Amino acid sequence: MIQVCVTVKNGKIKSINIIKSQDDELYFNKAILLTTKHLLLRY
């Protein structure tokens, strides 16, 4: 499980902050990289 706080301004994502994660560090780091890359390419 992961909890995030996403800040949107003028219809665009300005920041994503991780609030809580229950995954191990290796899995979490890989997931963050893939998710961030996907979001940046999409928006």
Side-chain angles (χ1 to χ4, degrees):
M1 178 181 84
I2 186 171
Q3 290 180 334
V4 296
C5 178
V6 179
T7 302
V8 178
K9 184 174 181 181
N10 298 324
K12 297 192 177 209
I13 296 173
K14 291 295 175 184
S15 67
I16 302 171
N17 296 306
I18 287 70
I19 297 178
K20 184 177 182 181
S21 171
Q22 293 180 341
D23 296 317
D24 66 28
E25 188 174 354
L26 181 62
Y27 179 85
F28 180 74
N29 289 340
K30 183 176 180 182
I32 277 296
L33 289 173
L34 292 174
T35 302
T36 303
K37 181 178 177 182
H38 174 75
L39 288 171
L40 290 174
L41 290 173
R42 187 168 186 186
Y43 297 101

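Values below: every heavy atom of this structure, side chains too, minus hydrogens, waters and symmetry copies. Everything quoted here is computed from the prediction, not taken from an experiment. One is the number of the first residue; the rest follow in order along the sequence.
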Report summary line: Rounded to the nearest 0.5 angstrom, the NZ-CG distance for Lys30 and Leu26 is 8.0 Å
Query raised in the report: Do you reckon Ile16 sits in the same ILVMFWY cluster as Val8, going by side-chain contacts under 4.5 Å, direct or chained?
Result: yes
Query raised in the report: Linking I/L/V/M/F/W/Y whenever any side-chain heavy atoms sit under 4.5 Å apart, do Ile18 and Val6 land together?
Result: yes
